[in-house]
There are 2 protein chains.
Amino acid sequence: MLETVTPMKTEASDALSETAQKTEAEKRGRKASKEVRQLQLIEATIDSLAKRGYAETTMADVADGAGLSRGIVNFHFESKEKLLIATLQHMYDEYSAHWRTALQKAGDDPARQLQYLVWADFDRSICNKRKLAAWLAFWGEAKSRPIYQALSSSRDNHYQQVFINLCTTLKQSGGYAYEPQAIALALSAMLEGLWLRLMMGTEDTTRETALQAANAFLAAAFPKHYG
Amino acid sequence: MLETVTPMKTEASDALSETAQKTEAEKRGRKASKEVRQLQLIEATIDSLAKRGYAETTMADVADGAGLSRGIVNFHFESKEKLLIATLQHMYDEYSAHWRTALQKAGDDPARQLQYLVWADFDRSICNKRKLAAWLAFWGEAKSRPIYQALSSSRDNHYQQVFINLCTTLKQSGGYAYEPQAIALALSAMLEGLWLRLMMGTEDTTRETALQAANAFLAAAFPKHYG
DNA sequence: CAACATTTGTTGAACATTCATTCAATATGG
DNA sequence: CCATATTGAATGAATGTTCAACAAATGTTG
C-alpha cells in the first residue's frame with residue numbers, strides 16, 4: 001500500500017545504523033570521508049537519544065555507539081550542542097524531503113495528494129520507534145532552547161500551508177461547511193498526536209491502527225472524497 | 001464558556017507558584033507542614049521544567065525557586081528521581097481529577113459529555129504554557145524510563161475507554177458509519193497534538209484556535225450532534 | 001618509484017566544571 | 001528539652017572539552 005511512497009537516502013543511513021557499520025563504511029580506526037563520519041556520528045546520536053533520552057545522552061555514549069574514540073566528536077562537531085543541532089537538522093531535512101517527494105508522487109488530484117501526505121507520515125523510513133523517540137527527545141527541550149524551536153517541529157509552516165490549501169480545495173469541490181484552517185490544524189495535530197501515541201503507548205497503538213485512525217478522520221471530514 | 005468546568009485544588013497551587021509564596025505559606029526559613037513544603041517543591045520543579053527543560057533542571061534550581069536551601073529536597077524527597085516522579089504523579093492526578101469532574105458536570109447526554117471533555121482539555125488550569133512544557137519535558141524522557149511510562153501519558157487507558165464508549169453511543173444514535181475505536185483514537189490523538197502545537201508554535205496557535213480545530217473535528221465527525 | 005614531508009584524522013589521558021548527595025551543625029516548634 | 005526541620009559546606013562521581021602524541025592519507029621531490 002505504501003511502497004510507492006517510500007524514497008530515498010534514508011535507506012542507506014538506516015541500514016548503516018541497524019547492522020553496525022558495513023564494509024561500505026571503513027572499519028574502526030581507519031579513515032573515512034568527512035561526510036560519512038559525520039553521518040555515522042549523527043546516527044549514533046539518534047541511537048543514543050532513542051535509547052537513553054536527551055538528558056542521558058553523553059558524548060561518550062555517542063562515540064561508543066559509533067565505535068570511535070572519545071575525542072572524535074569534538075573534532076567533527078565543535079561541541080555537544082552543535083552535534084545535537086546537526087542531528088536535529090538532519091532529521092528535519094529528511095522529513096521535509098520525504099513529504100515533498102510523497103506530494104510529488106501523488107500527481108494533481110488534491111484528494112490523492114492529501115492521502116499520500118498522510119501515508120507518508122506513517123512510512124517505515126520515517127515512522128519508527130527509533131526516530132520518533134529522537135523527535136520526542138528534542139521536542140522536550142525545544143521550549144527552553146530557542147535554537148531548537150525552529151527545527152523541532154517537523155511539520156513546519158510550509159507543511160501547514162499545504163494542508164490548508166488542500167483543505168480549501170477539497171471544501172470547494174465537496175461543498176463542505178467547515179473552516180479550512182481549523183480542519184487543517186485538526187488534521188496535522190492529529191498526525192502529530194498519533195506519533196506521540198506510537199512511542200508512548202505500550203503496544204496498543206501500532207502503525208496500522210494509527211493509520212486507520214487517520215483514515216477514519218479523512219473519511220469523516222471529507223466523505224465525498226474518501227468513502 | 002468554560003467557567004463551570006473548572007475545578008479545584010489547582011487554583012491554589014497555581015497561584016502559589018505564580019506570585020511566589022504568599023502569606024498562606026510560611027516565609028523563608030520558617031517551618032511549614034510537610035505537605036505544604038512538598039507541594040511547594042513540586043511547584044518549583046514544574047517551574048524549572050518549564051523554564052529550563054528536563055535536562056537542565058537541577059536540584060539547586062528547584063531549591064532556589066522555592067526559596068529554600070540546597071539540601072532540602074533530599075530531605076523531603078529522597079532523591080532527584082523521586083522528586084521528579086512525585087511531580088509527574090501530581091500532574092497526572094490533577095489531570096485525571098479534572099476530566100472526571102468535567103465528565104460529571106456534563107450530565108447524562110453523551111454528546112454533551114464529549115463536548116465537556118474536549119473543553120476540559122483546554123481549560124486554563126490545565127492547559128497553560130507552564131504545565132504543558134512540564135508534560136512535554138516528561139514525555140521526552142518517558143521512553144527511556146519505564147517508571148515514567150505509565151504516568152507520562154495523561155490520557156490513560158481509562159480516559160481512552162471513555163472516549164471509545166462515547167463514540168460508540170454517538171454512532172448508534174447518529175447512524176454514523178465509522179469504527180468507534182478508530183475515531184476515538186483520532187480524537188484523543190488530535191487533542192494531544194493540539195497540546196503539542198500550543199507550546200511549540202511560536203504564537204500562531206492559541207488556545208482559541210486549538211479549541212476551534214477540536215470543535216471542527218467534532219462537527220465533521222458527528223454532524224448530527226454538533227452542527 | 002622510493003623517500004620524505006605535510007596535512008588531516010584519530011586517540012586517550014588530563015583537566016575543569018557541574019551537580020546530586022551526605023551530614024554535622026543549627027534553628028524551630030511543641 | 002526533645003523531635004523535627006533546615007542549612008550550607010564538603011564530597012565524590014559524571015561528563016564536556018582540550019590537547020599532545022600518534023597514525024594514516026596525500027603531496028612533493030629526486
Side-chain angles (χ1 to χ4, degrees), chain A residues 21 23-45 47-49 51-88 137 141 144-145 147, chain B residues 21 23-45 47-49 51-88 137 141 144-145 147:
Chain A
Q21 65 272 44
T23 48
E24 95 175 73
E26 285 80 353
K27 309 212 165 175
R28 133 134 215 169
R30 302 238 161 265
K31 274 192 183 177
S33 81
K34 242 186 168 93
E35 291 104 14
V36 167
R37 192 97 314 161
Q38 292 190 351
L39 253 183
Q40 183 185 4
L41 290 171
I42 284 177
E43 293 295 332
T45 305
D47 283 338
S48 183
L49 287 171
K51 199 194 323 161
R52 315 178 34 145
Y54 188 99
E56 304 295 328
T57 287
T58 68
M59 300 286 265
D61 192 55
V62 170
D64 289 354
L68 298 171
S69 72
R70 298 295 157 91
I72 194 69
V73 184
N74 289 93
F75 179 80
H76 286 286
F77 303 88
E78 194 176 327
S79 64
K80 182 185 183 183
E81 185 179 27
K82 293 196 173 162
L83 167 69
L84 289 167
I85 291 173
T87 302
L88 181 54
E141 298 293 318
S144 49
R145 284 172 222 259
I147 316 159
Chain B
Q21 66 273 43
T23 48
E24 95 175 74
E26 284 81 351
K27 309 211 161 176
R28 133 135 214 171
R30 303 238 161 263
K31 276 192 182 177
S33 80
K34 241 186 168 93
E35 291 102 16
V36 167
R37 191 103 308 164
Q38 292 189 351
L39 252 182
Q40 184 184 3
L41 290 170
I42 284 176
E43 293 296 332
T45 304
D47 283 339
S48 183
L49 287 171
K51 199 194 322 163
R52 315 177 37 147
Y54 187 100
E56 304 294 329
T57 286
T58 67
M59 300 285 264
D61 193 53
V62 170
D64 290 354
L68 297 170
S69 72
R70 298 295 158 92
I72 194 68
V73 185
N74 288 95
F75 179 80
H76 285 286
F77 303 87
E78 194 177 328
S79 65
K80 183 185 182 182
E81 187 179 27
K82 294 198 173 159
L83 166 70
L84 289 167
I85 291 173
T87 302
L88 181 54
E141 298 293 318
S144 50
R145 285 173 220 260
I147 316 160

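Chain naming here is simple, since letters A, B, ... match the order of the sequence lines and numbering starts at 1 in each. Heavy-atom basis, side chains included; hydrogens, waters and symmetry copies ignored.
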Novice: According to the salt bridge (charged side-chain N to carboxylate O under 4.0 Å, His left out) rule, which pairs have a member within residues 67-76 of chain B, sequence neighbours left out?
Specialist: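 Those involving residues 67-76 of chain B are D64(B)-R70(B).
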Novice: dT4(D) P sits how many Å from R37(B) CZ, rounded?
Specialist: 17 Å
Novice: Out of dT6(D), dA5(D), dG9(C), which has the shortest distance to the side chain of S69(B)?
Specialist: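 Nearest to the side chain of S69(B) among the choices is dT6(D).
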Novice: Nearest whole angstrom, please: distance from the P of dT21(C) to the CZ of F77(B).
Specialist: 13 Å
Novice: CG of L39(B) to OG of S33(B): how many Å apart, nearest 0.5 Å?
Specialist: 9.0 Å
Novice: Considering only side-chain heavy atoms of R70(A), which listed nucleotide, dT10(C), dT6(D), dG12(C), is closest?
Specialist: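 For the R70(A) side chain, the nearest candidate turns out to be dG12(C).
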Novice: Going by the rule side-chain hydrogen bond (donor to acceptor under 3.5 Å, both in side chains), which residues pair with E78(A) if we only count those two or more places apart in sequence or in a different chain?
Specialist: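 Scan of E78(A) (side-chain hydrogen bond (donor to acceptor under 3.5 Å, both in side chains), adjacent residues dropped) gives K82(A).
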Novice: Rounded off to whole Å, could you give me the CD-to-C1' distance for the E78(B) and dT22(C) pair?
Specialist: 12 Å
Novice: Without decimals, in angstroms, what is the distance between I72(B) CD1 and dT21(C) P?
Specialist: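 In whole Å, dT21(C) P lies 15 Å from I72(B) CD1.
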Novice: Rounded to whole angstrom units, what separation is found between the CG atom of L68(A) and the P atom of dC22(D)?
Specialist: 21 Å
Novice: Can you measure F75(B) atom CZ to dA27(C) atom C1' for me and round it to whole angstrom units?
Specialist: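 Rounded to the whole Å, the gap is 13 Å.
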Novice: What is the distance from CD of Q40(B) to P of dA5(D), rounded to the nearest Å?
Specialist: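 To the nearest whole Å, that distance equals 14 Å.
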Novice: Sequence neighbours left out, cut at 3.5 Å: what donor-acceptor pairs do the side chains of residues 54-62 of chain A make with other protein atoms?
Specialist:
from, atom 1, to, atom 2, distance (Å)
Y54(A), OH, Y148(A), OH, 2.8
E56(A), OE2, R145(B), NH2, 3.1
T57(A), OG1, S48(A), O, 3.4
T57(A), OG1, S48(A), OG, 3.2
T57(A), OG1, G53(A), O, 2.7
T58(A), OG1, D61(A), N, 3.0
D61(A), OD1, R52(A), NH1, 3.2
D61(A), OD2, S48(A), OG, 2.6

Novice: List, with names and distances, any nitrogen or oxygen atoms from the protein found under 3.5 Å away from nitrogen or oxygen atoms belonging to nucleotides 12-16 of chain D.
Specialist:
from, atom 1, to, atom 2, distance (Å)
dG16(D), OP1, K80(A), NZ, 2.9
dG16(D), OP2, M59(A), N, 2.8

Novice: In whole angstroms, how far is the C1' atom of dT10(C) from the CG atom of L41(A)?
Specialist: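 In whole Å, dT10(C) C1' and L41(A) CG are 12 Å from each other.
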Novice: Who passes side-chain hydrogen bond (donor to acceptor under 3.5 Å, both in side chains) against E81(A), sequence neighbours left out?
Specialist: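 Testing E81(A) for side-chain hydrogen bond (donor to acceptor under 3.5 Å, both in side chains), a comparison that skips the adjacent residues, returns none.
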Novice: Using side-chain hydrogen bond (donor to acceptor under 3.5 Å, both in side chains) as the criterion, list what pairs up with K51(B), not counting sequence neighbours.
Specialist: none
